[in-house]
Novice: 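Here it is, the structure, as structure tokens.
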Amino acid sequence: MRCVVQLHVRQRGADVARRAEVPAGTVSNVLDRPATVREATRVKVQSAISDLGYVRGR
């Protein structure tokens, strides 16, 4: 019998930035001041957040 262990790795803002191909500061801006970020960039970052299951400050 084979046992499979699944680990949950905590994602960081830097991981989101890398996935969205934006600077890490842009991730913070999307979360804190979304009106200061272009819509296309916000969509990329929000998509990366969703894909990675990122939760801030966990």
Side-chain angles (χ1 to χ4, degrees):
M1 179 178 277
R2 188 173 146 191
C3 182
V4 177
V5 176
Q6 187 174 23
L7 299 176
H8 294 276
V9 177
R10 180 176 165 199
Q11 301 297 326
R12 299 175 302 144
D15 299 320
V16 173
R18 195 170 14 265
R19 170 70 67 96
E21 299 178 336
V22 298
T26 301
V27 175
S28 292
N29 286 338
V30 167
L31 296 171
D32 296 333
R33 296 178 296 284
T36 65
V37 181
R38 290 182 340 172
E39 182 178 359
T41 303
R42 276 196 320 268
V43 169
K44 281 177 33 175
V45 172
Q46 290 166 342
S47 177
I49 287 170
S50 178
D51 291 347
L52 293 172
Y54 174 72
V55 177
R56 191 176 203 188
R58 204 172 7 152

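Residues: numbered from 1 along the sequence shown.
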Novice: Any chance you could measure Arg38, atom CZ, to Asn29, atom CG, to the nearest 0.5 Å?
Specialist: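 Between atom CZ of Arg38 and atom CG of Asn29 there are 13.5 Å.
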Novice: Distance-only check: which donor-acceptor pairs under 3.5 Å involve side-chain atoms of residues 42-50, not counting sequence neighbours?
Specialist:
{"residue": "Arg42", "atom": "NH1", "partner": "Pro34", "partner atom": "O", "Å": "3.1"}
{"residue": "Arg42", "atom": "NH1", "partner": "Val37", "partner atom": "O", "Å": "2.5"}
{"residue": "Lys44", "atom": "NZ", "partner": "Ala20", "partner atom": "O", "Å": "3.4"}

Novice: Within a radius of less than 6.0 Å around CZ of Arg33, do more than 12 heavy atoms belonging to other residues, nucleotides or ligands occur?
Specialist: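 Yes - once you tally the heavy atoms of other residues, nucleotides and ligands closer than 6.0 Å, there are more than 12.
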Novice: Using side-chain heavy atoms (C-beta onward) and a distance below 4.5 Å, is Asp32 in contact with Arg56?
Specialist: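 Sidechains of Arg56 and Asp32: in contact.
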Novice: I'd like to check the salt bridge (Lys or Arg N to Asp or Glu O under 4.0 Å) partners of Arg19; sequence neighbours left out, ordered by chain and number.
Specialist: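 Arg19 satisfies salt bridge (Lys or Arg N to Asp or Glu O under 4.0 Å) with Asp51 only.
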